[in-house]
2 protein chains.
Amino acid sequence: MTTIKDVAKYAEVSVATVSRVLNKKGYVSKDAEVAVLKAIKDLNYKPNSVARSLYHKTSKMIGLLIPDISNPFFPELARAVEDVALTYGYTVVICNTDEDKRKEQQYVDALKQKYIDGLILSTNQLSIDDYKSLHVPLVALDRSISDSVPIVTANNFIGAQQATEYLIDNGSTFLAHLRGPVGVKTADQRYKGFKEVVEKKGIAHVVVESEFNIHHAKKTALDLFERYPSIDAIFASSDIMAAGVMKAAKQMGKEVPTDVQLIGFDGIPLGEMLTPSLSTVIQPIYDMGAISTRLLIKQIEKQPLETLHYELETELNIRETTRSEQYE
Amino acid sequence: MTTIKDVAKYAEVSVATVSRVLNKKGYVSKDAEVAVLKAIKDLNYKPNSVARSLYHKTSKMIGLLIPDISNPFFPELARAVEDVALTYGYTVVICNTDEDKRKEQQYVDALKQKYIDGLILSTNQLSIDDYKSLHVPLVALDRSISDSVPIVTANNFIGAQQATEYLIDNGSTFLAHLRGPVGVKTADQRYKGFKEVVEKKGIAHVVVESEFNIHHAKKTALDLFERYPSIDAIFASSDIMAAGVMKAAKQMGKEVPTDVQLIGFDGIPLGEMLTPSLSTVIQPIYDMGAISTRLLIKQIEKQPLETLHYELETELNIRETTRSEQYE
DNA sequence: CTGAAAGCGCTTACAG
DNA sequence: CTGAAAGCGCTTACAG
């Protein structure tokens, strides 16, 4: 590889001068600049980032800690992070933590040793102090870490309200909510949104808890249909759960949306692939990733943040698992 | 951050000695070793990887070049790469190239400057020389780059044969194949497998080309059903295409699998989420990623490779979009 | 067995 | 405006 020394020799100047034109810093005569630029071009010189890192104690790399990239919520998020990072000249290191404390610590240590410039956290098994020990900017994505860490989420509460209202406005009178695990913030918010609407409107309802996977959701829905055959609408806390509900409905001989209306949550590509395609509350996943990354880079570059909590709006996307009596 | 100097001072030895115990290299007296180990522990010292990188011209990082992580084929692959990398102490930098030459070049340059140790290529817009200019080991994943680069693929040809045979053995007499774009190696192989079986058995068939996305597949299938209403089985070149076929079938009032049997290809999680769940040819995606990574690390660590072409077996996974007359 | 020194490729005060 | 020198944190011949 050609180094700054080679360039200096070729341009007949010192390495300091080469460095100056490289960084557009300090005085350089026109002649010297031209010679250096020519040398850089002729030798196809690219400055070595590792050497730069060592001096500056930065790396132009950011870390993305997520539970598992193969969970369909995360690819689009990761994609957004990577896109924005690339725009600003950053590279992203991806870390699947499986919500495992030990793995997370291992990553945090490794990243620290590499002078990572910042961290996006979609997982939080460690304490805030562990993250802070990195002494780099942080952003929490769809998780709350601490009041001092900027956070980006969707408005789960309002999204759930919209879905619930839609089901009721379309004539359903006995709603069920498949909620996610208690204690998971997003699941709690969606539950609250559902609850508030059915209670305010005095609509019969039942809430059951499920894990965020298709098998458990199917089982839970099967049980639900068994116990309450007259349920005529289900609001599921995720699209994957909704896919499970569809399987259960089919098995019980219930037609969606004729017998039971169904709305999911997330807006992952899966929804569109299902038949009938899934009505759902879309979270702006890409935007959430993109905004998080911009927030992180702003901090890295010492720019002021306007606010510490970005709450993005969801959008109710009506596809084929709901009836559309409103428009008939 | 505490450095090797701090450790040396604390242990009352030179930095050279600390380095020796760190790397278990060269002679160190028992006394010195004990003192250093204690210092490391007391100070919670972690050697700085950037400084090491600069000296060794390696980084303990590998690059993963893929078209787009939000394409559902890649998350599991990326997950496997990351898992294996972590085991061997490597970190992975993820690069979405969108099959765009310029972006790929941008990444290759950035990775070179970071002393990346190796590259896994699931995309190949550049010429082999561009990749070789990195002077690091390479592995091609599901793409062929050059004869000199080890390659990992699934046996698309045999997988396609198995699917086709199954459809015929289950009583279908007029098969259609939704093939992927001509020129895409995997699509070509699947097509060849299909073709060989139908021709050998003298079965009526029709082949149409589609893109690897649901909308185009649906449109193509709709058109196909229109032109050939008696088609009673479809082999789709990907699971996503198969999801499109299911939508088309529904729209045309055809029941799957009663009227039309359907088999996809890939084995992505989507298949299981569909109702009825999709029969498909499973590629061992995780294994492909894991093996690629091991191959890469073997090369990085200068170990000999047994073979340059790993072709993994596919597995026919019969779920609900096929009939099972064989067992009746 | 151990330490002083040079070097990895860069950057930036400092002196001129 | 420019170059020599020190330093980022480590590793490894070299001399002792």
Side-chain angles (χ1 to χ4, degrees), chain A residues 1-37 39-40 43-61 89 109-117 135-136, chain B residues 1-37 39-40 43-61 89 109-117 135-136:
Chain A
M1 241 178 60
T2 99
T3 73
I4 197 172
K5 263 192 192 168
D6 302 323
V7 176
K9 198 171 300 174
Y10 188 98
E12 298 183 309
V13 297
S14 72
V15 297
T17 300
V18 176
S19 180
R20 280 187 201 103
V21 348
L22 238 31
N23 299 293
K24 301 185 177 67
K25 223 178 229 175
Y27 299 92
V28 180
S29 69
K30 196 66 194 166
D31 281 3
E33 188 184 344
V34 169
V36 169
L37 257 18
I40 288 174
L43 303 175
N44 187 27
Y45 168 71
K46 302 262 197 292
N48 179 302
S49 343
V50 176
R52 280 188 163 167
S53 271
L54 185 59
Y55 184 88
H56 282 126
K57 298 180 194 299
T58 65
S59 60
K60 283 279 173 179
M61 296 197 298
D109 288 344
L111 295 177
K112 188 175 187 174
Q113 294 175 57
K114 289 189 193 299
Y115 285 144
I116 204 92
D117 292 344
H135 302 296
V136 297
Chain B
M1 240 178 61
T2 100
T3 73
I4 198 172
K5 263 194 194 166
D6 303 323
V7 176
K9 199 172 295 173
Y10 189 97
E12 297 182 312
V13 296
S14 73
V15 297
T17 299
V18 176
S19 179
R20 281 188 201 101
V21 348
L22 238 33
N23 298 295
K24 301 185 177 67
K25 222 179 232 176
Y27 300 91
V28 180
S29 69
K30 196 68 197 167
D31 281 3
E33 187 184 346
V34 170
V36 169
L37 256 20
I40 288 173
L43 303 176
N44 187 28
Y45 168 71
K46 302 260 195 293
N48 179 304
S49 344
V50 176
R52 280 189 162 168
S53 271
L54 186 59
Y55 184 87
H56 281 126
K57 299 181 193 297
T58 65
S59 59
K60 282 278 173 181
M61 296 196 298
D109 288 344
L111 295 176
K112 187 176 187 173
Q113 295 175 56
K114 288 189 193 305
Y115 284 144
I116 204 91
D117 292 345
H135 302 295
V136 299

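Chain A is the first sequence line, chain B the second, and so forth, proteins listed ahead of strands; every chain is numbered from 1. Hydrogens, waters and symmetry mates are skipped; everything else that's a heavy atom, side chains included, is used.
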Worksheet item: Okay, side chain of A:Asn23, backbone of A:Lys25: is any donor-acceptor separation there less than 3.5 Å?
Response: no
Practice prompt. Just name whichever nucleotide pairs with D:dC1, Watson-Crick or G-U, keeping both distances under 3.5 Å, else none.
Written response: C:dG16
Discussion item. Base, sugar-phosphate or nothing for A:Ser29? Non-hydrogen atoms, less than 4.0 Å.
Written reply: sugar-phosphate
Worksheet entry | Rounded distance (nearest 0.5 Å) linking atom OG1 of B:Thr3 with atom NZ of B:Lys46 | 14.5 Å
Worksheet, complete the sentence: Note: for B:Tyr115 and B:Gly26 on DNA chain C, the residue whose nearest nucleotide lies more 5' is B:Gly26
Item to complete: Determine the Euclidean distance between corresponding P atoms of C:dG7 and D:dA4; express it in Å to zero decimal places.
Response: 16 Å
Practice prompt. For B:Lys25 and for A:Ala16, locate the closest nucleotide of DNA chain D by heavy-atom distance; then report the residue assigned to the nucleotide nearer the 5' terminus.
Written response: A:Ala16
Worksheet item: For A:Thr58, which of A:Lys60, A:His56, A:Met61 qualifies under side-chain contact (heavy atoms from CB on, under 4.5 Å)?
Response: A:His56
Worksheet, complete the sentence: d(A:Tyr10 OH, A:Ile40 CD1) to nearest 0.5 Å is 12.0 Å
Worksheet item: Are side-chain heavy atoms of B:Asn48 and A:Gln113 found at a separation under 4.5 Å?
Response: no
Worksheet item: So where does chain A start and stop touching DNA chain D, 5' to 3', when the test is distance under 4.0 Å to a non-hydrogen atom?
Response: D:dC1 to D:dG9
Worksheet item: When all nucleic acid strands are considered with a 4.0 Å heavy-atom cut-off, which category describes A:Thr17: base, sugar-phosphate, or nothing?
Response: sugar-phosphate
Discussion item. What's the gap between D:dC1 and C:dC10 when it is taken at their P atoms, as a whole Å value?
Written reply: 25 Å
Practice prompt. Identify the two heavy atoms, one from A:Val36 and one from A:Val21, that lie closest to each other, and give their separation to 0.1 Å.
Written response: CG1-CG2, 3.5 Å
